[in-house]
Each structure stands twice: as structure tokens, then as C-alpha cells.
Asker: 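Please read through the structure below; I'll follow up with questions.
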There are 2 protein chains.
Amino acid sequence: MTTTVFEGASGADEAVRAAHAAFLEARTRTREERASWLEAIADELEAHREELVGLAGEDTHLPEARLNGELTRSAFQLRLLADEVRTGAFLDATIDHADPDWGMGPRPDLRRINVPLGVVGVFGASNFPFAFSVMGGDSASALAAGCAVVHKVHDAHVGLGRRTVELVVDALARAGAPDGLFSGLIGLEAGTALVDHPLTRAIGFTGSERVGRLLLDRAAARPEPIPFYGELGSINPVVVTPAAWRERADEILSGFVASMTLGLGQFCTKPGLLFLPAEAAERAREQLPALLRDAPVGAGAMLSDGVREGFLHNRELVQDTPGVEVLLEGGAGDPPSPALFAANAGDLDADSPVLTREMFGPAGVVVAYASEAELLATLNRLPGQLTGGVHGADGEAVGAIASALTDRAGRVLRDGWPTGVTVSYAQQHGGPYPATTSGTTSVGTAAVGRFLRPVAFQDFADADLPPELQEANPLRIPRRVDGVWVRAEGA
Amino acid sequence: MTTTVFEGASGADEAVRAAHAAFLEARTRTREERASWLEAIADELEAHREELVGLAGEDTHLPEARLNGELTRSAFQLRLLADEVRTGAFLDATIDHADPDWGMGPRPDLRRINVPLGVVGVFGASNFPFAFSVMGGDSASALAAGCAVVHKVHDAHVGLGRRTVELVVDALARAGAPDGLFSGLIGLEAGTALVDHPLTRAIGFTGSERVGRLLLDRAAARPEPIPFYGELGSINPVVVTPAAWRERADEILSGFVASMTLGLGQFCTKPGLLFLPAEAAERAREQLPALLRDAPVGAGAMLSDGVREGFLHNRELVQDTPGVEVLLEGGAGDPPSPALFAANAGDLDADSPVLTREMFGPAGVVVAYASEAELLATLNRLPGQLTGGVHGADGEAVGAIASALTDRAGRVLRDGWPTGVTVSYAQQHGGPYPATTSGTTSVGTAAVGRFLRPVAFQDFADADLPPELQEANPLRIPRRVDGVWVRAEGA
């Protein structure tokens with residue numbers, strides 16, 4: 001059997017070279033074939049559901065129901081992207097016919113389309129053994145774009161990672177994809193070599209701000225810099241207006257506790273800050289600790305010792321911040337019992353750990369604000385976020401708060417909780433730095449766009465153009481023609 | 001009168017703060033208002049055509065006809081972008097209705113739209129005093145996106161730059177735009193401070209690879225890295241097939257000479273490498289020097305002493321490369337008379353100055369290839385390019401060559417010459433590094449996309465959404481709804 005998981009710098013080199021050769025071959029195939037490869041992978045993962053969920057449980061301590069749901073999500077994502085590959089919408093096909101009367105002088109025939117970048121390196125996340133790992137969103141969207149993928153398996157689930165790579169490679173081989181289109185790497189040395197390799201054209205990463213920044217800087221310092229699509233974490237502020245508090249305080253408090261403790265708080269979208277009007281503070285201080293003590297956090301340990309240590313470290317930093325009060329002391333066991341802190345918005349500088357430190361685990365801070373002006377000023381001090389939420393009363397105008405959140409986040413929620421990220425066309429999972437290192441999304445169909453670049457063909461004969469740009473639009477994709485969007489007949 | 005052109009680090013700080021305040025105000029205005037601002041600028045530039053062309057002539061030594069054409073181009077670009085702002089196509093508005101039966105679990109209502117980044121810093125180019133300068137493509141597309149712009153005037157045309165900034169600021173004020181939405185900076189210290197300023201959200205740059213890389217590294221090393229959209233030059237290979245040579249050798253040679261010497265070769269799209277089949281070499285060696293001696297290069301000096309020195313330096317590096325033969329010795333005057341060199345494809349390593357050094361001025365290299373295999377191998381050693389061209393015989397299939405060029409360039413031309421870059425919907429002016437530092441374009445309507453980021457709104461009431469995302473589509477923009485592109489009625 002062919003090697004599918006490589007180690008060390010020489011292993012990375014072998015994997016990237018094979019991936020590059022496979023990329024060159026794969027782009028001679030049709031989009032329909034590429035779509036079928038994604039579906040073959042989805043089928044294979046589901047066919048081995050029991051085995052994979054078992055391996056994931058051993059590696060991550062996550063409960064079986066959650067893992068089953070995540071595997072379903074990953075297979076769904078592959079099939080949605082397969083459909084997206086078929087529509088060709090992400091090609092952004094644009095046609096300008098030659099125009100002798102164009103306002104700045106005669107215009108040639110110009111036709112632009114997006115082409116895949118080449119070999120993409122993907123780093124798996126610790127907290128989603130399926131959805132952001134071997135065949136998670138980054139890998140799936142890079143393959144959908146027409147790229148080859150070399151995946152660095154997360155150290156915390158090597159057993160699951162190896163097996164998933166094997167299954168993906170098997171599925172691709174049986175579906176007729178070129179050898180080497182997908183492979184896995186193990187270990188730091190191989191991962192570093194992947195970022196440095198001259199044939200690597202982009203990196204997808206989900207992980208900590210510290211490691212993410214190291215790799216971002218490394219990608220930027222290459223002789224030929226490459227895009228680094230990193231998702232580096234988020235604190236996810238949620239604001240409750242006075243009117244919403246008066247309307248449904250209990251519902252809000254229980255919603256917060258459920259979202260904050262879901263999966264032991266090990267989600268990048270965990271709501272870490274709950275902004276409450278000052279008048280709500282007393283009641284929240286009384287009720288939240290009790291609700292948290294009763295929260296069904298489960299018996300499982302945290303994802304890994306490293307995750308647990310990082311969480312306890314950041315929890316301590318927040319807890320020790322001057323002005324921070326402990327409402328519920330968190331445990332030191334594994335899993336640690338939930339912790340809750342309180343602070344006043346007016347006390348928080350832009351560099352306060354409360355506003356800058358993600359506690360990746362079951363902990364949060366209730367921030368009391370004295371006025372909307374104080375609230376907005378505090379929101380404006382937050383760094384970039386994946387999400388921001390506002391809970392208002394029925395029909396209440398929340399424009400100023402939503403606007404402040406929009407400035408800092410990629411997804412803004414009304415009356416909801418940020419955990420649970422659907423995979424769809426309009427999804428935006430990514431926000432200003434450090435939430436992500438670019439303005440793009442890593443979830444949803446738009447994620448494909450990260451791994452493409454545009455090329456324009458000038459004055460080519462119809463037969464020499466990619467079919468998507470030929471005059472008759474034989475593959476019936478949506479296109480923009482002479483400035484007007486045209487939906488293909490029958491599409 | 002308000003200050004409009006600032007100097008030094010404190011001047012940059014003042015300009016950026018004012019721009020940020022203006023950005024916050026400007027985004028409360030309608031897209032229709034924004035479009036009218038762009039048109040007001042276009043009108044103002046044209047109303048002062050004689051004065052501006054006069055100033056540009058003094059600063060750049062470029063002939064009046066060229067400068068008039070460039071001003072026309074810049075005004076056209078502003079008006080085309082104004083129309084683009086009205087269509088709202090670049091907003092990429094995407095709506096997913098709530099769906100309880102969505103395949104991975106119930107889907108909330110999600111609506112995504114692109115929002116402007118904020119303050120954009122733009123560095124003007126030396127070679128286009130209008131089209132890539134104060135109100136060139138970067139400034140116009142950033143304003144179209146809804147951003148504020150602080151423009152670093154190029155040192156080589158400070159007189160023209162100051163006056164253009166004044167006119168733009170006047171036009172914006174009379175059109176009702178907020179104060180500070182556009183301003184100018186003079187000098188290195190101010191330019192550096194612009195890249196470093198915490199409120200600067202992106203940089204547009206056109207210039208040399210050396211300066212571009214310095215600024216790129218600086219933007220990447222910020223505590224919060226920002227996108228750096230740099231266009232750093234290109235060599236622009238053009239391939240002639242044996243059949244094309246047999247069909248129309250004279251036309252090809254005269255076309256090459258005209259394109260290579262246009263504007264004294266001071267275009268980033270100047271064809272610097274002409275790949276000819278070996279059998280064509282003898283005739284080309286005889287005819288090209290004579291054609292170049294007769295080329296109407298004009299009496300004007302080069303753009304600046306710095307440009308001339310850089311050109312002579314790189315010309316010498318190419319000329320002194322082992323294996324390079326001098327077909328026509330270039331002059332050392334100002335302007336330098338055209339130079340032409342010859343080399344064999346098989347002799348060129350990937351680090352040969354022939355393949356890597358842009359000679360920004362009237363000089364080029366004829367590269368003889370012995371076979372298509374040798375040609376393709378040489379093309380594959382080229383770094384990223386803005387353009388690549390192939391001249392084939394009528395009806396000849398040029399797929400392999402076009403494919404190799406597509407791998408390395410953003411615009412691929414059939415039977416044409418790369419100088420002359422139309423502003424349109426399908427234009428792609430940008431290619432793999434070092435041609436540009438990103439996969440985006442700096443020319444055409446797609447340039448707007450560089451200065452936007454997506455935000456998704458989850459479960460918002462219709463009235464709280466931006467009008468472009470409201471259910472009834474009151475502004476009638478093209479949108480993708482539940483995965484299907486919908487062109488608005490009447491749009």
C-alpha cells in the first residue's frame with residue numbers, strides 16, 4: 001500500500017511533491033469528477049462511522065453523541081461543497097466582449113475565471129476531530145477549489161488522524177482521483193516544512209493565537225509569501241439590553257450557561273463575555289453560580305493536557321486582573337468545574353485580560369455596564385472576534401450595539417448564542433485579527449474562495465477557452481456578461 | 001482652508017484619525033451618495049484637465065497626448081466604479097432563510113454582506129501620474145468600497161500630487177462627503193507611519209519589488225497585521241510559436257518593438273521577454289535592432305533620476321549575465337536609447353537575471369527555444385507575472401503554452417501585446433508573487449473587493465438589517481438566496 005502519512009522534513013517534501021503532481025493531473029479532470037471525489041469521501045467516512053467515532057472518543061474524551069453529530073456535519077459539508085463545485089458559482093466567471101466604443105478606448109475581449117492555487121497545507125484543530133481536522137472545512141474547501149491537500153494531523157488525535165487519512169486516500173483512489181491528491185503529516189518538523197515548502201501555495205490553520213501567529217509570520221517571511229488562513233480564537237461578547245433583561249432574564253441566563261458550558265466550553269465560538277446592564281448584575285450574581293453548578297458538563301476530561309493547561313493559565317490571568325471578582329471559583333480537576341467572574345465595563349482597558357484573553361474552557365465573565373455609552377466604548381476596545389451577540393426586547397432597535405459588534409466580528413447574532421455554526425451559503429466564520437488572519441470564512445461554501453486566484457484571458461478563440469468561459473456557456477454556470485449577472489438557462 | 005496634505009509621523013496620525021472619523025460618518029450615507037462623490041471627483045479632474053496635464057508633464061516628462069489619455073482613463077474609471085457602487089454587485093449579498101430541515105440540523109436565518117474595512121493607505125506609482133496615483137485605481141476602488149483613503153504622494157510628482165489632492169478634497173466637500181475622507185501625505189516618514197498606524201486597515205501599493213517587500217514585511221509584522229495589496233512589477237513573457245512566426249514574422253517583430261518601447265518601456269506590463277523558436281532567431285537578430293533604432297521613443301527624459309538609475313542597474317545585470325549576447329547596446333543618456341539582448345532558453349536557470357530582473361525602461365531579451373519542451377521548462381522557471389502572451393497561427397492550438405502562462409500570470413493574451421490595460425469587469429491586473437502580493441486585481445471593478453470584509457447577520461428582524469439584506473430587496477441588488485443567484489427585477 002502507498003504511504004499516506006508522512007513524518008519529518010523529508011516526509012513533508014515527499015508529500016508536497018506528490019500533491020503537486022496530483023494537482024496538475026486533477027485539474028485536467030472535470031468539475032463533475034471533482035464533485036464525485038468529495039462525495040466518495042463523505043460516503044467513506046459515514047461507512048466507517050462506528051470505528052471513527054470510537055477512535056475520536058479515545059483521543060478527545062468527547063461524548064459519542066457529539067462525535068456522531070460532528071461526523072454527520074463533516075459529511076454534509078463535503079456533499080454541500082460537491083454541489084457547489086457543480087454550480088461553478090465560485091468561479092466568478094466574468095465576460096467582457098470586445099467593445100470598440102468603450103469609454104476609455106477600444107476594449108479587447110476579456111474573460112476572467114478563478115483557478116485553484118495548487119498545494120494547500122492544512123493544520124487540524126484539537127477541538128473538532130472531524131469538522132476542523134483531517135477532512136474538515138479547510139481540507140474540503142481546498143479540494144473543492146481544485147487544490148491538492150497535505151494535512152498536518154493534530155498531535156492530540158494521531159490515532160484518529162492516521163485512520164482518517166487512510167480512509168480518505170482509499171476513497172479518492174477508488175473514485176479515480178490522482179494519487180497524492182491528499183495525504184497526512186505527523187509532527188512539528190513536518191508541519192514546519194509544510195509551511196516553508198516552495199510548492200505550498202496556501203495554509204489553512206485552526207488553533208491558538210500563539211502558534212497561529214508563529215506560522216503566520218513564517219508564511220509571510222518566505223521568499224515568496226503565501227496566504228495564511230488562520231482562525232486563532234475569539235472571546236465572543238454577548239450584550240443584553242435593559243429591555244431584554246426585563247422581558248426574559250431567566251431565559252437569557254439559562255441560555256448563556258448552556259452555550260458557555262457546551263462541550264466544556266471548548267469552542268472558538270463559546271460566549272466568554274456577557275454584558276449586562278448594571279441593574280441586572282445583582283440578580284445575575286445570585287442565579288448564575290447556581291445554574292453553572294447544575295450545568296450538565298459531563299464526566300469527560302478536557303481535550304488534552306495541553307488544552308487544559310492553557311485554559312487554567314488564562315483563567316488565572318483573568319481571575320487575577322484587578323477589579324475582577326470571582327462569582328464561582330472554577331475547579332482544578334479534569335474536567336475543571338465551571339468558573340464565573342464579574343467586572344465593571346468602566347474598569348476594562350483595551351489590554352485587560354478580560355477583553356483579550358480567550359479562556360478556552362468552561363469559564364466566562366459577566367460585565368456590568370452603567371450606560372449604553374459605556375457599553376459601546378467597551379465594545380470598541382475589544383479586538384477582532386468571530387462572533388458578537390445582542391439580546392434585545394421584542395421589536396427593540398439595537399442598531400448602535402449591532403453596529404459596534406459588526407465592526408469587530410464576522411457574525412452578529414440577534415437573540416441567539418454563538419455556539420453552533422451552520423454550514424451554508426451565507427455563513428461567515430471569521431472576523432478581524434486575531435479572530436482570523438484574513439477577512440475570509442472557514443465555514444460554508446464561501447470558504448472555497450480562499451484557495452483560488454483569478455486569471456483573465458484576452459482575445460482567445462472560443463475553443464481555446466475553459467468551457468466555463470466559452471460563449472455558449474456549455475456548462476451552464478452563472479456568469480457576469482458585459483457587467484450584467486446572467487443566470488444560465490436551466491441552472 | 002483645511003489642511004489636505006500632511007507631512008511627518010504626526011501629520012500621518014492626524015490624517016488617519018480624520019479619515020477614520022470620516023469613514024464612520026460616510027458609512028451612514030447611501031450608496032447613491034457615495035457614487036455621486038466618485039462622479040464629482042471625475043468631473044473636477046476633467047474640469048482642471050489643462051492645469052493637471054501641465055503639472056504632470058513637468059513632473060514626469062511624459063508627452064501631453066499620453067497624459068491626456070491617462071486623465072481620461074482615470075475619470076472613466078471613477079465613473080465606472082460609481083456605476084458599480086450603484087449595482088451593489090460587490091456586496092456579494094447572500095441570504096439563507098431559516099430551514100428546520102437543513103441536512104446537518106436546523107439552520108438559522110443567516111444573511112451575509114460585505115462591509116468596508118475602514119481607512120486605507122495608498123502609495124502612488126511613479127509611472128502613472130493619474131491612473132495609479134492620487135486618484136488612481138487603488139484610491140478610487142477603496143472609496144467605492146466605502147473606505148476612507150490617505151494617499152502617500154510619490155516623491156517624483158509632488159507638485160501634481162499636492163494639486164490633485166486639493167482638487168479631490170474640494171470636489172468631495174462640494175458633493176457633501178465628510179471632511180477627511182480623502183487626504184494626502186508627503187515624504188517617507190509619513191508613509192511609514194501610515195503603514196504602522198493602528199487605524200489603517202489595508203495598504204494599496206504600486207512600485208518596486210524592493211520597496212514593496214519592505215512595506216509588505218512591515219504590514220505583516222504589525223501587532224495586528226493588515227492586508228498589503230502591492231503590485232511590484234513584472235517581466236511579461238511573450239511566446240511566439242513556429243507557426244505564428246511563419247505566418248506573420250514582420251507583424252510580430254514590429255508589434256513587439258512598439259509595445260516594448262511605448263512610454264520608454266516604463267510600464268509594468270512592458271513585454272520584457274520575447275520567446276522565439278530557434279529558427280526565427282537569425283532573422284530577429286537582423287531586423288529587431290534596426291526596428292528599435294527607428295522606434296519613436298520621443299525626446300522626453302525618463303520619469304525620474306531614480307527610475308533611470310534603477311533601469312540602468314538592472315539592464316547591466318542582464319547584459320552581464322553569462323550567455324547573454326548584446327544585439328543592440330542601449331544608450332546611457334536620458335532617455336537611454338533602446339537595448340536588446342539575446343539568450344538561449346536552455347541556458348537560463350531559475351535565478352538568472354534574464355528571468356528575474358525587470359528592466360523598467362526600453363530594453364528586452366529575445367530568448368530562443370529549441371523545442372516546445374524546452375520552452376515550457378523555461379516558462380515554468382519564471383516567477384509570478386502580471387501578464388503572459390502567446391502568438392499562434394490562425395486556429396493553432398496553444399493549450400500547453402497558455403496553461404504554463406496561466407500558472408504564472410494574472411492575464412494571458414492571445415496574439416496581443418500586454419501594454420494597454422483596459423478598465424472593465426473582467427480585467428485582472430495582478431498575478432502570483434512578486435508580480436503582486438495577493439491574488440487580487442488593482443484594475444477593473446473587481447478591485448473594490450480588496451477593501452471589503454464579509455459580515456453575517458443571524459436571526460435579525462428585517463427592519464434591523466441593512467436594506468441590501470432585507471427580504472423585499474428594496475434596493476434591487478443581485479443576491480444569492482438559498483443557494484440560487486437571483487437578479488433583482490428591473491436591475
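Throughout, a chain's letter reflects where its sequence line sits, starting with A, and its residues are numbered from 1. This one's a predicted model, so the numbers in the text were calculated from it and none came from an experiment.
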Asker: Answer whether the closest heavy-atom distance between the side chains of B:P432 and A:R453 falls below 4.5 Å.
Answerer: yes
Asker: Which bit of B:D415 is near chain A, if near means a heavy-atom gap under 4.5 Å: side chain, backbone, both or neither?
Answerer: neither
Asker: Given that the side chain runs from C-beta out, which part of B:D407 has a heavy atom under 4.5 Å from chain A: side chain, backbone, both or neither?
Answerer: both
Asker: A:V421 versus chain B, heavy atoms under 4.5 Å apart: side chain, backbone, both or neither?
Answerer: backbone
Asker: Checking heavy atoms, do the side chain of A:A221, its backbone, both or neither come under 4.5 Å from chain B?
Answerer: backbone
Asker: Let me know if A:P434 has heavy atoms under 4.5 Å from chain B in its side chain, its backbone, both or neither.
Answerer: neither
Asker: Report which part of B:A463 has an atom under 4.5 Å of a heavy atom belonging to chain A: side chain, backbone, both, or neither.
Answerer: neither
Asker: Please classify the contact between A:R107 and chain B as side chain, backbone, both or neither, with a heavy-atom cut-off of under 4.5 Å.
Answerer: both
Asker: With a 3.5 Å cut-off and no angle check, do the side chains of B:T440 and B:S438 form a donor-acceptor pair?
Answerer: yes
Asker: Ignoring hydrogens and angles, state whether a donor on the side chain of B:T387 or B:N236 is under 3.5 Å from an acceptor on the partner side chain.
Answerer: yes
Asker: Chain B heavy atoms under 4.5 Å from A:I113: which part of the residue, side chain, backbone, both or neither?
Answerer: neither
Asker: Sort A:D464 into side chain, backbone, both or neither according to what part of it lies under 4.5 angstrom from a heavy atom of chain B.
Answerer: side chain
Asker: Measuring heavy-atom distances to chain B, does A:P383 have an atom under 4.5 Å in its side chain, in its backbone, in both, or in neither?
Answerer: neither
Asker: So for B:R201, is it side chain, backbone, both, or neither that comes closer than 4.5 Å to the heavy atoms of chain A?
Answerer: neither
Asker: Between B:P454 and chain A, with a heavy-atom cut-off of 4.5 Å, which part of the residue counts as in contact: side chain, backbone, both or neither?
Answerer: both
Asker: Please classify the contact between A:R222 and chain B as side chain, backbone, both or neither, with a heavy-atom cut-off of under 4.5 Å.
Answerer: backbone
Asker: So which part of B:R213 gets closer than 4.5 Å to some heavy atom of chain A, the side chain, the backbone, both or neither?
Answerer: side chain
Asker: Are A:W417 and A:H391 an aromatic pair by the rule of ring centers under 6.0 Å?
Answerer: yes
Asker: Counting only non-hydrogen atoms closer than 4.5 Å, does A:E396 touch chain B with its backbone (N, CA, C, O), its side chain (CB onward), both, or neither?
Answerer: backbone
Asker: Between A:Q77 and chain B, with a heavy-atom cut-off of 4.5 Å, which part of the residue counts as in contact: side chain, backbone, both or neither?
Answerer: neither
Asker: Is B:A402 close to chain A through its backbone or its side chain, or both, or neither, when contacts mean heavy atoms under 4.5 Å?
Answerer: side chain
Asker: Nearest 0.5 Å please: distance from the CZ atom of A:R479 over to the CD atom of A:E468.
Answerer: 9.0 Å
Asker: Using 4.0 Å as the upper bound for N to carboxylate O, is an ion pair formed by A:D109 and B:R414?
Answerer: no
Asker: Is A:A75 in contact with chain B via its backbone, its side chain, both, or neither, using a 4.5 Å heavy-atom distance?
Answerer: neither
Asker: Checking A:L216 against chain B: side chain, backbone, both or neither under 4.5 Å from a heavy atom?
Answerer: side chain
Asker: Let me know if A:T87 has heavy atoms under 4.5 Å from chain B in its side chain, its backbone, both or neither.
Answerer: side chain
Asker: Under a 4.5 Å cutoff for heavy-atom pairs, which residue among A:E224, A:R111, A:R73 has the most contacts with chain B?
Answerer: A:E224
Asker: Counting only non-hydrogen atoms closer than 4.5 Å, does A:Y425 touch chain B with its backbone (N, CA, C, O), its side chain (CB onward), both, or neither?
Answerer: both
